[in-house]
Structures are given as C-alpha cells and as structure tokens.
Amino acid sequence: MKAKEYLRTIQKLESETKECYGQAEYLKNSINNLSNQNAIETVEELIVDLMDEASDYAIHRVHLINELLNVDDLMQYTLLHYRYCLNYSWHKIAYKLKASVGFVKNLHGEALKSLDRYLEECCNA
C-alpha cells in the first residue's frame, strides 16, 4: 500500500464511522414510532450492530493514525495528522505550523516519501 492510499483509508474509516453513527441515531429516533415488539427488538439489534461496526472502524482508524508516528519527524506527523485526520486546508496547516503554504506542501511531499518508505519496510518485513 502506498502512502496516499493509506491516508485515504484513514479518511474513509472516519467517513464510515460517521455513517454508522448517523444510521444508528436515525434508527434510535425512529424506534418510538414502532408498536410491534418484534420490530422494536430487531431495530434495537440493528442499532447495536451499527454501533459495533462504528467502533471497529474507529479502532482500525486509531491504529492507522498511530502508525503515522513512524514518519521521519514530528513535523511530518503533525502535518499528516492535520491534513488527513482533521481535514485541515493547506492554509490552516501553514497557520498552525507558523510556516508558508509552500513550505507545508514541500513538507507534505517529504512526509509522503517517508510514509512510503515505512510502509514498504513494514510490508516487506
């Protein structure tokens, strides 16, 4: 897996987690309109399943994020975290790092290379 695909997976897991929580919330709100006990129990089971699925996604995402700590330096990790975990714009990242957007984009390229090296070592080990 390459760095960009790895980082997209982190973003996708966040999206999947939110989707599960949203569906569970919708079902929780809808359950009050049901009168059939069997239907209520089925919906309650669905809610539990959705919450379990969301937890699995969230745990997997945390593990992937923790692996980002294996890039070459803390600044690279911080940039990747801001960009792919918090969805910050280049300008917001530059502001947070007290750097120019150009510097941030160059650092991003280095961080991707560093992550690629780590993933290659990790997968070939």
Side-chain angles (χ1 to χ4, degrees):
M1 179 182 297
K2 298 295 262 177
K4 283 277 197 174
E5 183 182 353
Y6 187 91
L7 295 164
R8 276 191 224 106
T9 300
I10 291 173
Q11 291 175 315
K12 185 175 186 225
L13 288 168
E14 172 71 6
S15 173
E16 295 290 338
T17 302
K18 287 180 179 178
E19 179 69 23
C20 286
Y21 284 139
Q23 289 177 9
E25 189 63 30
Y26 176 79
L27 290 173
K28 283 180 193 175
N29 293 333
S30 300
I31 208 166
N32 295 330
N33 298 328
L34 299 174
S35 57
N36 181 305
Q37 189 58 36
N38 288 336
I40 292 171
E41 289 172 10
T42 300
V43 171
E44 287 173 340
E45 289 173 17
L46 284 171
I47 292 168
V48 169
D49 290 345
L50 284 166
M51 297 304 282
D52 286 346
E53 189 175 349
S55 293
D56 290 344
Y57 287 140
I59 289 167
H60 187 188
R61 184 172 183 267
V62 167
H63 288 299
L64 293 180
I65 291 169
N66 286 339
E67 290 298 313
L68 293 178
L69 288 167
N70 291 293
V71 295
D72 290 340
D73 67 43
L74 185 58
M75 183 81 88
Q76 290 176 356
Y77 166 79
T78 302
L79 183 149
L80 293 175
H81 191 282
Y82 283 160
R83 184 72 178 168
Y84 296 97
C85 302
L86 301 177
N87 297 312
Y88 284 6
S89 69
W90 295 119
H91 291 282
K92 187 166 185 176
I93 295 168
Y95 173 79
K96 295 288 256 176
L97 297 180
K98 297 178 179 32
S100 70
V101 171
F103 173 82
V104 167
K105 287 184 177 183
N106 286 335
L107 182 64
H108 179 258
E110 293 303 312
L112 291 178
K113 289 176 192 172
S114 176
L115 183 56
D116 274 333
R117 282 191 301 275
Y118 170 72
L119 293 172
E120 194 172 303
E121 290 170 12
C122 192
C123 292
N124 291 335

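Index from 1, following the sequence. Source: prediction; values computed, not measured.
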Margin query: To the closest 0.5 Å, what do you measure between NZ (Lys12) and CD (Glu19)?
Written below: 11.5 Å

Margin query: Quick check against the 3.5 Å criterion: does Gln76 have a side-chain atom that pairs as donor or acceptor with the backbone of Asp72?
Written below: yes

Margin query: Just verifying a value: how many Å separate Arg8 CZ and Leu13 CG, rounded to the nearest 0.5 Å?
Written below: 13.5 Å

Next item on the list: Working to the nearest 0.5 Å, report the span between CG of Leu27 and CD of Glu44.
Entry: 11.0 Å

Next item on the list: State yes or no: do Leu50 and Ile59 share one hydrophobic cluster built from I, L, V, M, F, W and Y residues joined by side-chain heavy-atom distances below 4.5 Å, directly or via other members?
Entry: no

Margin query: Membership question, hydrophobic clusters at under 4.5 Å side-chain separation (ILVMFWY): are Leu74 and Tyr95 in the same one?
Written below: no

Note to self: What I'd like to find out is whether the side chain of Leu68 reaches to under 4.5 Å of the side chain of Leu64, using heavy atoms alone.
What the structure shows: no

Notebook entry, point to check: Is it the case that one hydrophobic cluster holds both Val48 and Tyr26, taking links as side-chain heavy atoms less than 4.5 Å apart, direct or via other members?
Noted result: no

Checklist line | Side-chain touch Val101/His91, heavy atoms, less than 4.5 angstrom | finding: yes

Next item on the list: Determine whether Ile93 and Thr78 make a side-chain contact, defined as any pair of heavy atoms from C-beta on separated by less than 4.5 Å.
Entry: no

Check: Are a donor atom and an acceptor atom from the side chains of Glu25 and Tyr21 found within less than 3.5 Å of each other?
Finding: no

Check: Any Lys/Arg nitrogen of Lys113 or Glu110 sitting under 4.0 Å from an Asp/Glu carboxylate oxygen of the other?
Finding: yes

Note to self: Ignoring hydrogens, what is the shortest heavy-atom contact between Val104 and Ala99? Give both atom names and the distance.
What the structure shows: CG2-CB, 4.4 Å

Next item on the list: Report the residues that fulfil ring pair (Phe, Tyr, Trp, His ring centres under 6.0 Å) with Tyr82, sequence neighbours left out, ordered by chain and then residue number.
Entry: Tyr88

Notebook entry, point to check: Can you get from Ile40 to Met51 by hopping between Ile, Leu, Val, Met, Phe, Trp and Tyr side chains that sit under 4.5 Å apart?
Noted result: yes

Checklist line | Pairwise ring pair (Phe, Tyr, Trp, His ring centres under 6.0 Å) hits with a residue in residues 104-123, at least two apart | finding: Tyr84-His108, Trp90-His108

Note to self: Rounded at 0.5 Å granularity, tell me how far CZ in Arg117 sits from CG in Asn70.
What the structure shows: 12.0 Å

Margin query: When you compare the side chain of Asn87 with that of Gln11, does any pair of heavy atoms fall below 4.5 Å?
Written below: yes

Margin query: To the nearest 0.5 Å, what is the distance between NE2 on His60 and CD1 on Ile65?
Written below: 10.5 Å

Next item on the list: Report whether Leu86 and Leu115 are members of the same hydrophobic cluster (ILVMFWY, side-chain heavy atoms less than 4.5 Å apart, transitive linking).
Entry: yes

Note to self: What's the separation between atom CG in Asn36 and atom CD in Glu41, rounded to the nearest 0.5 Å?
What the structure shows: 9.0 Å

Next item on the list: Determine the minimum heavy-atom distance between Leu119 and Met1, stating which atoms define it.
Entry: CD1-O, 3.6 Å

Notebook entry, point to check: Got Glu14 and Cys85 here, is their nearest side-chain heavy-atom distance under 4.5 Å?
Noted result: no

Check: Which atoms form the tightest heavy-atom contact between Met75 and Leu107, and what is the distance?
Finding: CG-CD2, 3.1 Å

Notebook entry, point to check: With a 4.5 Å limit on heavy-atom distance, are the side chains of Tyr6 and Glu67 in contact?
Noted result: yes

